[in-house]
K.L.:
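Before anything else, here's the structure in question.
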Amino acid sequence: MPNSLLETSWWVPCYGLVGAALTLPWATGLVRRTGPRPAAYFNLLMTIAAFIHGFFLLQQTRSGATATIVWHWLQAPGLDLSFSILVNSVTTAAMELVTGLSILAQIFALGYLEKDWGMARFFALMGFFEAALSGIAISNSLLLSYGLLEMLTLSTYLLVGFWYAQPLVVKAARDAFLTKRVGDILLLMGVVAVGSLAGSYDFPDLYEWAEQVNLADGWGFLLGLALIAGPTGKCAQVPLHLWLDEAMEGPNPASIMRNSVVVAAGAYILIKLQPILVACPGANIALILIGAVTAISESLVSIAQIDIKRALSHSTSAYLGLVFIGVGTNWTDFALFVLLTHAIAKALLFMSIGSVIMTTNCQDLTELGGLGGRMPATSSAFVIGGLSLIGCLPLGAFWSFYRGIDYYWPALPGLVGLILVVNLLTAVNLTRVFRLVFLGSAQPKTRRAPEVPWPLAVPMVTLSILNLLVPFILQRVQLLPETIDWTIVALLVVSGFGGILLGGFVTLKRSWTRSIKVPLRFVQDLLAYDFYIEELYRYTVVWAVRSLSQLSAWVDRHIVDRIVNTTGVASLVGGELLKYSASGQSQAYLLLVFVGVAILGGAIAWLLL
């Protein structure tokens with residue numbers, strides 16, 4: 001029985017695909033009389049089945065059982081393309097996190113999209129979404145992981161563009177897709193190169209190859225950049241980070257998954273690639289630089305946002321920057337810890353602000369306020385999620401930051417300072433959002449705002465309890481430190497509560513949203529527009545591509561077309577003239593062929609001489 005259970009582990013990602021297939025009659029409009037709700041129930045039922053199946057797998061793997069399942073897709077002399085999955089306690093736990101958050105997000109979506117006739121289409125895409133994420137969790141093959149990342153990119157594009165009648169949504173979906181394509185194409189180059197060099201795409205074989213290979217500096221650095229490019233796009237890291245901000249145009253239930261486990265999927269692949277990146281000279285430095293720049297810049301940018309979803313999405317990029325630093329310093333335990341605690345806390349925060357948006361039909365921070373007394377469950381969820389995201393003892397992120405600081409303290413004190421700064425800026429941002437949304441006097445859009453109905457409240461309260469239980473779960477699986485360094489504790493507590501005090505007591509008058517002082521206004525605009533990176537792309541990359549396209553079109557129209565058209569006209573005129581000289585005598589034809597060949601031969605000889 002245990003072996004048969006492990007052998008069926010590949011079914012867990014398939015539940016999502018089955019759920020997506022069951023919703024198709026409603027999603028395509030074949031069934032209309034019942035409304036779209038049955039489709040949601042079918043998909044939710046399959047997700048619950050996946051969670052139960054994964055729960056039994058987790059119990060089995062925690063006792064020490066593991067399994068590796070390999071499917072040989074294409075075999076030829078010197079070529080073996082196979083799909084491999086690894087079932088152990090880490091991969092099944094990651095898969096359970098995906099399915100568990102998917103259940104809560106889908107229940108949340110039942111209330112959030114209750115009056116939306118596109119609900120069936122949304123749940124079909126969520127099933128596709130979940131299948132790709134679950135598959136990435138247990139994949140043990142770089143080739144399979146790449147294919148699943150492409151599924152994830154497609155489902156992200158479709159979910160961001162869910163309300164496709166709105167021009168801004170169409171632009172957001174297009175930009176998200178194209179930005180990820182840049183990283184995916186470079187990653188594909190790296191995948192093909194590594195597979196060709198190692199002779200296999202399975203991670204164990206790649207790790208063995210990486211231990212023995214000695215790559216040249218230039219070649220190894222390019223290979224490392226190619227492998228990093230894909231996760232950089234998926235994790236919304238500088239310079240491929242603009243898509244996550246625009247992706248907030250999609251439905252909030254999808255944002256719950258996108259800002260918790262979807263971005264984590266790219267980081268999860270990066271963690272698996274870490275032993276290979278060690279063999280690529282310069283790759284670790286690139287990871288640290290990308291992570292550090294993203295962590296600081298996006299923490300600052302989040303403070304200047306007035307859109308409630310964008311204010312949180314930029315902090316997602318900042319925390320994934322810490323994951324990049326963890327992988328770059330070969331400390332993957334810290335990276336995994338950050339992924340776990342961030343995913344649970346950020347999912348709760350997006351549920352909380354989704355409830356605010358659902359109730360008020362507004363996500364502009366300058367038009368919200370006074371919701372704390374009117375929405376106690378929602379405000380409590382935001383507080384719990386916020387405290388879980390910063391270094392607040394003893395909640396989740398405190399222990400991930402503690403582990404990172406404890407490791408970097410002796411040799412890399414600069415990274416310790418970076419973690420503390422990110423923690424402080426995140427606390428400032430979350431406190432700012434809390435004050436503007438839940439405190440102060442009620443605004444026109446919040447005066448009659450009620451608490452959300454049960455489909456939104458139940459998953460939100462459930463996730464609040466889960467966030468409070470994270471320290472006990474970590475203790476149960478023996479991930480908490482045996483001894484406590486109280487200096488690190490003091491630093492984390494001071495940075496976290498220092499940010500709360502800054503966000504709580506610095507005056508934020510609504511009339512100061514746009515300062516009249518030129519220096520302050522310049523800083524506000526610099527952060528609000530994400531350091532004008534989009535404008536930089538517009539005047540560099542976009543301009544270069546547009547200019548090259550225009551040049552290509554001009555050459556095609558005025559040179560290639562004229563040569564082709566001239567040749568055609570010459571053939572037509574020549575044929576018309578020759579038909580009048582046709583006598584029907586074969587000797588005349590032979591003479592014409594001979595003269596033509598002689599002229600051609602003479603021309604060639606003249607050119608050669």
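Residue numbers count from 1 along this sequence. Just so you know, these numbers come straight off a predicted model, no measurement behind them.
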K.L.:
Working to the nearest 0.5 Å, report the span between CD of E130 and CE of M95.
P.N.:
10.5 Å

K.L.:
Please test W26 against F123 for ring-ring contact (aromatic ring centres under 6.0 Å, His included), starting from the C-alpha separation and ending with a verdict.
P.N.:
CA-CA 10 Å; W26 289 268; F123 275 86; over 10 Å; no

K.L.:
Which atoms form the tightest heavy-atom contact between W243 and G233, and what is the distance?
P.N.:
NE1-O, 2.7 Å

K.L.:
Compare all side-chain heavy atoms of V263 with those of Y319 and state whether any distance is below 4.5 angstrom.
P.N.:
no

K.L.:
Checking side-chain polar atoms at under 3.5 Å, does T316 have a donor or acceptor matched by the opposite partner on N259?
P.N.:
yes

K.L.:
Please list all pairs meeting ring-ring contact (aromatic ring centres under 6.0 Å, His included) that have one or both residues in residues 212-241, counting only residues at least two apart or in different chains.
P.N.:
none

K.L.:
How close do A105 and M126 get, heavy atom to heavy atom, and via which atoms?
P.N.:
CB-CE, 4.2 Å

K.L.:
Considering non-hydrogen atoms only, spot the tightest contact between L215 and C280 and give its length.
P.N.:
CD1-SG, 4.2 Å

K.L.:
Between CG of L273 and CD1 of I228, what distance do you get to the nearest 0.5 Å?
P.N.:
9.0 Å

K.L.:
So which pairs with a foot in residues 163-182 pass ring-ring contact (aromatic ring centres under 6.0 Å, His included), sequence neighbours left out?
P.N.:
Y157-F177

K.L.:
Does the salt bridge (charged side-chain N to carboxylate O under 4.0 Å, His left out) test come out yes or no for K171 and E534, once each step is laid out?
P.N.:
CA-CA 13 Å; K171 178 182 180 298; E534 185 174 0; 3.6 Å; yes

K.L.:
Tell me whether D307 contacts the main-chain N or O of R310 through its side chain, where contact means a donor paired with an acceptor under 3.5 Å.
P.N.:
yes

K.L.:
Using modelled atom types only, decide if a donor and an acceptor are shared between the side chain of Y146 and the backbone of S141 within a distance under 3.5 Å.
P.N.:
no

K.L.:
Do K234 and D184 meet the salt-bridge criterion of a basic N to acidic O distance under 4.0 Å?
P.N.:
yes

K.L.:
State the CG-OG1 distance between L86 and T68, to the nearest 0.5 angstrom.
P.N.:
5.0 Å

K.L.:
After noting the C-alpha distance and the side-chain angles of L17 and M46, does the key distance pass the side-chain contact (heavy atoms from CB on, under 4.5 Å) rule?
P.N.:
CA-CA 9 Å; L17 293 178; M46 297 309 298; over 6 Å; no

K.L.:
Between the side chains of E150 and K180, is the shortest nitrogen-to-carboxylate-oxygen separation below 4.0 Å, so that they form an ion pair?
P.N.:
no

K.L.:
Indicate yes or no for a side-chain donor-acceptor contact from T294 to the backbone of V238 under 3.5 Å, with no hydrogens or angles considered.
P.N.:
yes

K.L.:
Taking CG in D556 as the centre, count heavy atoms belonging to other residues, nucleotides or ligands within less than 6.0 Å. Is the count above 12?
P.N.:
yes

K.L.:
What is the ring orientation for F108 with Y112, classed by angle as parallel under 30°, tilted 30 to 60°, or perpendicular over 60°?
P.N.:
parallel

K.L.:
Please check if the side chain of T156 supplies one atom and the backbone of L152 the other of a donor-acceptor pair under 3.5 Å.
P.N.:
yes

K.L.:
Judged by atom type as modelled, is there a donor-acceptor pair below 3.5 Å linking the side chain of Y15 to the main-chain atoms of N43?
P.N.:
no

K.L.:
Which pair of non-hydrogen atoms, one from G266 and one from P231, has the smallest distance, and what is that distance?
P.N.:
O-CB, 3.5 Å

K.L.:
Quick one: are S255 and K309 in side-chain contact, heavy atoms under 4.5 Å?
P.N.:
yes

K.L.:
Is there a side-chain contact between R181 and T153 in this structure, where contact means two heavy atoms from C-beta onward sitting under 4.5 Å apart?
P.N.:
yes

K.L.:
So, the side chain of S145 versus the backbone of S139: is there a donor-acceptor pair under 3.5 Å, distance only?
P.N.:
no

K.L.:
Hey, what do you get for CG (L240) to CG (L178), rounding to the nearest 0.5 Å?
P.N.:
12.0 Å

K.L.:
Is it the case that atom CG in L536 sees more than 12 heavy atoms from other parts of the structure closer than 6.0 Å?
P.N.:
yes

K.L.:
Quick one: does D116's side chain have a donor or acceptor within less than 3.5 Å of a partner on G118's backbone?
P.N.:
yes

K.L.:
Without swapping roles, check the side chain of S317 against the backbone of A236 for a donor-acceptor pair under 3.5 Å.
P.N.:
yes

K.L.:
Minimum heavy-atom separation for L277 and A283, please, with both atom names.
P.N.:
O-CB, 3.8 Å

K.L.:
Nearest 0.5 angstrom please: N252 CG to M257 CE, how far?
P.N.:
13.0 Å

K.L.:
Can you tell me how far the CG atom of L320 sits from the CD1 atom of I290, to the nearest 0.5 Å?
P.N.:
12.5 Å

K.L.:
Return yes if a side-chain donor-acceptor contact under 3.5 Å exists between E298 and S302, otherwise no.
P.N.:
no

K.L.:
Can you tell me if Y537 uses its side chain to pair, donor with acceptor, with the backbone of P239 under 3.5 Å?
P.N.:
yes

K.L.:
If we ignore hydrogens and angles and just use 3.5 Å, is the side chain of Q305 paired with the main-chain N or O of V301 as donor and acceptor?
P.N.:
yes

K.L.:
More than 12 non-hydrogen atoms from neighbouring residues, nucleotides or ligands closer than 6.0 Å to CZ on R546, yes or no?
P.N.:
no

K.L.:
Under 4.5 Å between any side-chain heavy atoms of Y201 and L144, yes or no?
P.N.:
no

K.L.:
Picking from S315, S260, S313, what satisfies side-chain hydrogen bond (donor to acceptor under 3.5 Å, both in side chains) with K346?
P.N.:
S315

K.L.:
Please find the pair of heavy atoms, one from A137 and one from K272, that lie closest to each other, and give the distance.
P.N.:
O-NZ, 4.0 Å

K.L.:
Between F83 and W73, what is the ring plane arrangement, given parallel below 30°, perpendicular above 60°, and tilted in between?
P.N.:
parallel

